[in-house]
Number of protein chains: 2
Amino acid sequence: MVLRVRKNQAPPTPEGCPLTECMSVLGGAWTPNIIWYLSAGPRRFSELRLDIPGVSAKVLTARLRSLEASGVISREVKPTSPPSVEYALTDLGEELIPAINAIVKVGHKLKMREAVVQA
Amino acid sequence: MVLRVRKNQAPPTPEGCPLTECMSVLGGAWTPNIIWYLSAGPRRFSELRLDIPGVSAKVLTARLRSLEASGVISREVKPTSPPSVEYALTDLGEELIPAINAIVKVGHKLKMREAVVQA
DNA sequence: TTATGTAGTTTCCGTTTGGTAACCGGAGTC
DNA sequence: GACTCCGGTTACCAAACGGAAACTACATAA
């Protein structure tokens, strides 16, 4: 019996897979968390550190720089003392919110399943 | 001037962040792609290898095992010759489709922005 | 005077990741 | 008899990732 490769209905992800594209933006550690917390409004560096226990200053800086380069967040230095820096989602960043919400939703289902498996 | 930590409206992600939970499932390289291709119907190992150019057998195996352990996909060995193994999304796995779709959607926007930046 | 807060940067280092290549058995094909 | 296909497994390796800690500068507060 010969096994043939079946044609499936999945759109053939043409030039440069948008899935891979988007995952490269929100792929790093803590990245989705950062977007999640910014979705509630602008936030300062140290506030984000408190929001996300476990993230190091180094990684948080790296993520914020990378997200800024992707055009997902904006960075605004306020002339306060000590100086404070406010990060916020751009219009493009706001587009990520539904994706993040969908992921959170599945996260809940996963946790529920885990609870069942435990029992 | 004293800077105070502002209370934001973001739900405080209580016990064991569902976001992190879900990202640990679809975090590895090629994982979203695998789910994407399975969303169109069951698929064999070698078919997935053809679907996703660039994925190595080692990583594909690792992802499929891990997704199976998470309860996201099912694995069925068919008594053909040579033996074939069919992977499919479970009910839980189907729940991931909206999340994947949302990510793909943003991926398109990101690519559009890129084109604009180029110009 | 000393300590604190802000927003990082830098260095070092261990772990993880993912790619490459070789190899496996069994059945069918040429 | 040799070769291919299928679905993997294993060993090896370089690169990337991310954590910890120390350090910066400036200004205010105790």
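Residue numbers begin at 1 in each chain, while the letters A, B, ... track the order of the sequences. Note that the coordinates shown come from a computational prediction; the quantities given were computed from them, not determined experimentally.
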Kindly say if [X] contacts the phosphate of [N], meaning a side-chain N or O under 4.0 Å from OP1 or OP2.
{"X": "A:W30", "N": "D:dC17", "value": "no"}
{"X": "A:R49", "N": "C:dA7", "value": "no"}
{"X": "B:S46", "N": "D:dG7", "value": "yes"}
{"X": "A:R75", "N": "C:dA7", "value": "no"}

Given [options], which nucleotide is nearest the side-chain atoms of [X]?
{"X": "A:R44", "options": "C:dT6, C:dG19, D:dG19", "result": "C:dT6"}
{"X": "A:V59", "options": "C:dA7, D:dG19, D:dC6", "result": "D:dG19"}
{"X": "A:A29", "options": "D:dG18, D:dC6, C:dT6", "result": "D:dG18"}
{"X": "A:K58", "options": "D:dG8, D:dA20, C:dT6", "result": "D:dA20"}
{"X": "B:Y87", "options": "D:dG8, D:dC6, C:dA7", "result": "D:dG8"}

Item to check | Given DNA chain D, 5'-ward residue of the pair B:A57 and A:G54, judged by closest heavy atom | outcome: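 First, find each residue's nearest nucleotide; the 5'-ward one identifies B:A57.
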Checklist entry - If each of A:P83 and B:L64 is mapped to the nucleotide of DNA chain D with the nearest heavy atom, which maps nearer the 5' terminus, i.e. the 5' end? => result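 Upstream on the strand: B:L64.
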Is there a donor-acceptor pair under 3.5 Å between the side chain of [X] and the backbone N or O of [Y]?
{"X": "A:S84", "Y": "A:T80", "value": "no"}
{"X": "A:E21", "Y": "A:P18", "value": "no"}
{"X": "A:R63", "Y": "A:A29", "value": "yes"}
{"X": "B:T90", "Y": "B:S74", "value": "no"}

Checklist entry - With distance as the sole criterion, is a donor-acceptor pair present between the side chains of B:R75 and B:Y87 under 3.5 Å? => result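 Looking only at side-chain atoms, B:Y87 and B:R75 do form a donor-acceptor pair, the distance falling under 3.5 Å.
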Spacing of [X] atom [atom1] relative to [N] atom [atom2], expressed in whole Å:
{"X": "B:R65", "N": "D:dT10", "atom1": "CZ", "atom2": "P", "result": "11 Å"}
{"X": "A:E47", "N": "C:dG5", "atom1": "CD", "atom2": "C1'", "result": "13 Å"}
{"X": "A:D51", "N": "C:dA7", "atom1": "CG", "atom2": "P", "result": "13 Å"}
{"X": "B:E76", "N": "D:dG7", "atom1": "CD", "atom2": "C1'", "result": "15 Å"}
{"X": "B:I34", "N": "C:dG18", "atom1": "CD1", "atom2": "C1'", "result": "13 Å"}

